[in-house]
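Lettering follows sequence order; numbering is per chain, from 1.
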There are 2 protein chains.
Amino acid sequence: MSQATHPRDGSLEEAPPCRNTKRRLLDAAERLFAERGFEGTSLRALTQAAGTSISAAHYHFGSKEELLRATLERRVAPMNASRLERLDAAERAAAGAPLSVETLVGAYLDPLFEERATHRGSLSDVRFVAARLYSDPPELVSALKRELFGEVSRRFLDALARALPECSRDELGLRFQFGVGCMVHVMSGQIEDAPHAQGRDPLPDDVVHHALVRFLSAGLRAPAGDPR
Amino acid sequence: MSQATHPRDGSLEEAPPCRNTKRRLLDAAERLFAERGFEGTSLRALTQAAGTSISAAHYHFGSKEELLRATLERRVAPMNASRLERLDAAERAAAGAPLSVETLVGAYLDPLFEERATHRGSLSDVRFVAARLYSDPPELVSALKRELFGEVSRRFLDALARALPECSRDELGLRFQFGVGCMVHVMSGQIEDAPHAQGRDPLPDDVVHHALVRFLSAGLRAPAGDPR
DNA sequence: GTCTATATGTTGATAGAC
DNA sequence: GTCTATCAACATATAGAC
């Protein structure tokens with residue numbers, strides 16, 4: 001009987017066993033976590049969608065929670081890097097002068113809508129992923145949120161404070177968060193699911209994008225209220 | 001042997017076996033669904049928190065999904081009724097003249113913040129419940145959303161269209177949704193969880209409330225963009 | 001690195017006593 | 001109306017062959 005079942009030699013051709021399982025897992029996780037949430041997605045369904053097995057997921061990520069973390073991180077980190085690049089570039093160009101509110105809103109929003117345009121129709125959509133940071137269990141995502149968004153929030157808030165010097169820091173912090181809320185709402189597909197949008201053709205992305213920029217810029221610039 | 005086990009007579013005193021189990025179930029569901037989501041909350045944990053049993057929940061509501069529905073409906077329906085009352089009152093007072101954007105934003109937001117003030121510290125908080133409409137599985141909540149918010153959305157959009165006649169209907173629909181997004185974000189406690197708010201005292205409710213009214217009013221009134 | 005098989009616990013729902 | 005006991009299905013995670 002042939003006693004040789006192990007690979008004959010540690011040769012170069014050693015079949016690519018890993019193929020791209022890790023990437024496929026991340027792709028499936030992105031889609032399913034986005035659609036049905038973390039708790040709503042079983043590792044079984046996820047690994048089946050990725051064409052692999054539960055144990056492969058554990059081999060690559062260790063646990064379901066770590067898979068979520070990796071999924072969010074893969075998309076959010078480059079997006080935030082891009083936001084900071086744009087902010088840096090705009091500040092260099094302005095040579096010390098305060099930036100306009102529109103410039104800041106654009107630097108924050110554009111990377112999101114560009115990623116969407118790039119991956120149109122594909123499985124990967126950062127927007128839904130990012131939105132999940134705001135509905136998945138806080139004990140899982142709030143540390144990650146601080147870690148991934150800490151610097152971006154700080155830098156943009158500082159720049160906003162220079163653009164709107166008459167606005168108090170507290171008020172500015174609130175307005176920034178209001179803006180994030182709008183964004184998340186759009187990202188998570190609520191526009192299409194709105195009661196009065198049922199059965200109508202969804203508006204093109206760039207229409208939504210520009211409407212959002214106008215809305216946020218105007219909101220951020222709102223006149224200060226009397227302290228009463 | 002005494003053959004009588006059934007109640008002797010259909011008397012008036014028949015012990016109150018139901019007590020208020022149904023209400024306690026709704027209270028627990030409200031708190032737990034809000035904190036950990038629908039999929040993240042087990043019926044076991046929920047009924048235990050309510051001081052009753054799983055079978056009681058099935059007796060009163062039939063299924064976990066129906067319990068969610070009842071939970072959302074109990075708070076959202078009266079809140080939306082209150083919104084419509086305010087809108088009606090304002091329209092009567094205006095005697096045909098268009099309402100101001102601030103009036104409309106107030107009529108929409110005030111009932112939410114008032115409910116919050118009323119139940120401060122209690123288990124029941126509409127705000128989180130309503131926010132769940134936007135993160136729980138769409139197949140569960142989107143019909144309910146249409147049902148509960150259909151008329152309110154329509155009425156407020158119509159009133160907004162009269163307040164902002166120069167704004168296209170599509171743009172107005174988008175801005176309305178942007179506003180809902182801000183609101184949901186605030187309701188779901190994201191303000192306190194924001195990266196730059198960590199470790200700081202949370203701002204008082206009425207500060208947030210008035211900042212939100214200013215932000216939304218300004219956003220809704222944003223100048224129209226060029227169609228490009 | 002990937003699989004099958006399994007361990008161990010939890011889920012929503014139901015049956016039936018009282 | 002409410003309980004205890006139980007169900008079948010499903011969850012995440014692990015062990016070990018290859």
Side-chain angles (χ1 to χ4, degrees), chain A residues 1-29 32-33 36-71 136-137 139-140, chain B residues 1-8 10-26 28-29 32-33 36-71 136-137 139-140:
Chain A
M1 298 85 179
S2 67
Q3 74 280 35
T5 50
H6 57 74
R8 205 107 47 123
D9 52 345
S11 65
L12 306 156
E13 110 255 318
E14 49 182 337
C18 172
R19 286 192 294 181
N20 39 17
T21 303
K22 197 165 177 177
R23 195 184 56 72
R24 291 206 321 279
L25 278 169
L26 286 171
D27 289 345
L32 291 175
F33 285 156
R36 325 206 294 228
F38 178 75
E39 330 251 20
T41 304
S42 76
L43 220 38
R44 285 179 136 71
L46 196 158
T47 51
Q48 193 171 344
T52 179
S53 66
I54 297 191
S55 22
H58 276 96
Y59 173 81
H60 285 290
F61 298 99
S63 75
K64 190 188 178 187
E65 302 200 355
E66 278 305 308
L67 174 55
L68 173 64
R69 184 189 178 82
T71 303
D136 277 329
E139 64 274 18
L140 281 182
Chain B
M1 301 85 179
S2 68
Q3 73 281 37
T5 49
H6 57 75
R8 205 106 46 119
S11 67
L12 307 155
E13 109 254 319
E14 49 183 337
C18 171
R19 286 193 295 184
N20 40 17
T21 303
K22 197 165 176 177
R23 195 184 55 73
R24 291 206 320 278
L25 278 169
L26 286 171
L32 291 175
F33 286 157
R36 325 206 295 227
F38 179 74
E39 329 252 20
T41 304
S42 76
L43 219 37
R44 287 181 135 74
L46 196 159
T47 52
Q48 193 171 343
T52 180
S53 66
I54 297 191
S55 22
H58 277 97
Y59 173 81
H60 285 289
F61 298 98
S63 74
K64 190 187 178 188
E65 301 198 356
E66 277 305 306
L67 174 54
L68 173 63
R69 184 190 177 82
T71 304
D136 277 329
E139 64 275 16
L140 281 181

What is the distance from CG of A:Leu32 to P of D:dT12, rounded to the nearest Å?
12 Å
So what does B:Thr41 hit on the nucleic acid, given a heavy-atom distance under 4.0 Å: a base, only sugar-phosphate, or nothing?
sugar-phosphate
Is the phosphate of C:dT2 approached by A:Ser53 (side-chain N or O, under 4.0 Å from OP1 or OP2)?
no
Could you state the atom-to-atom distance from CD of A:Gln48 to C1' of C:dT2 in whole Å?
16 Å
Within this structure, what is the CG-to-C1' distance between A:Asn20 and C:dT2, rounded to whole angstrom?
14 Å
If you compare all heavy atoms of B:Glu39 against all heavy atoms of A:Glu39, which two are closest, and at what distance to 0.1 Å?
CB-CB, 3.8 Å
For a quick test of reading the model: is some side-chain N or O of A:His60 closer than 4.0 Å to OP1 or OP2 of C:dT2?
yes
Would the distance check show the side chain of B:Arg36 and the main-chain N or O of B:Thr41 forming a donor-acceptor pair, the cut-off being under 3.5 Å?
no
What is the distance, to the nearest angstrom, from the NE2 atom on A:His58 to the P atom on C:dT6?
19 Å
Provide, to the nearest angstrom, the distance between the CG atom belonging to B:Leu43 and the P atom belonging to D:dA11.
17 Å
Rounded to the nearest angstrom, tell me the gap between atom CG in A:Leu68 and atom P in D:dA11.
17 Å
Short side-chain N/O contact from B:Tyr59 to OP1 or OP2 of D:dT2, under 4.0 Å
no
Rounding to a whole Å, what distance do you find between B:Lys64:NZ and C:dA13:P?
8 Å
With nearest nucleotide decided by heavy atoms, which residue, A:Arg44 or B:Ile54, maps closer to the 5′ end of DNA chain C?
A:Arg44
5'-most contact on DNA chain D (nearest-nucleotide basis), A:Ser42 vs A:Ser55, goes to A:Ser42
Worked verdict on B:Arg69 versus B:Phe61 for side chain to side chain contact (heavy atoms under 4.5 Å, CB included)
CA-CA 9 Å; B:Arg69 184 190 177 82; B:Phe61 298 98; over 6 Å; no
Kindly compute the distance separating CG (B:Leu25) from NE2 (B:His60), expressed to the nearest 0.5 Å.
6.5 Å
Which pair of non-hydrogen atoms, one from B:Ser53 and one from B:Thr47, has the smallest distance, and what is that distance?
O-CG2, 3.5 Å
Would you kindly give the CD-to-P distance between A:Glu39 and C:dT10, to the nearest whole Å?
15 Å
Can you tell me if the side-chain N/O atoms of A:Thr52 get under 4.0 Å from OP1 or OP2 in C:dC3?
yes
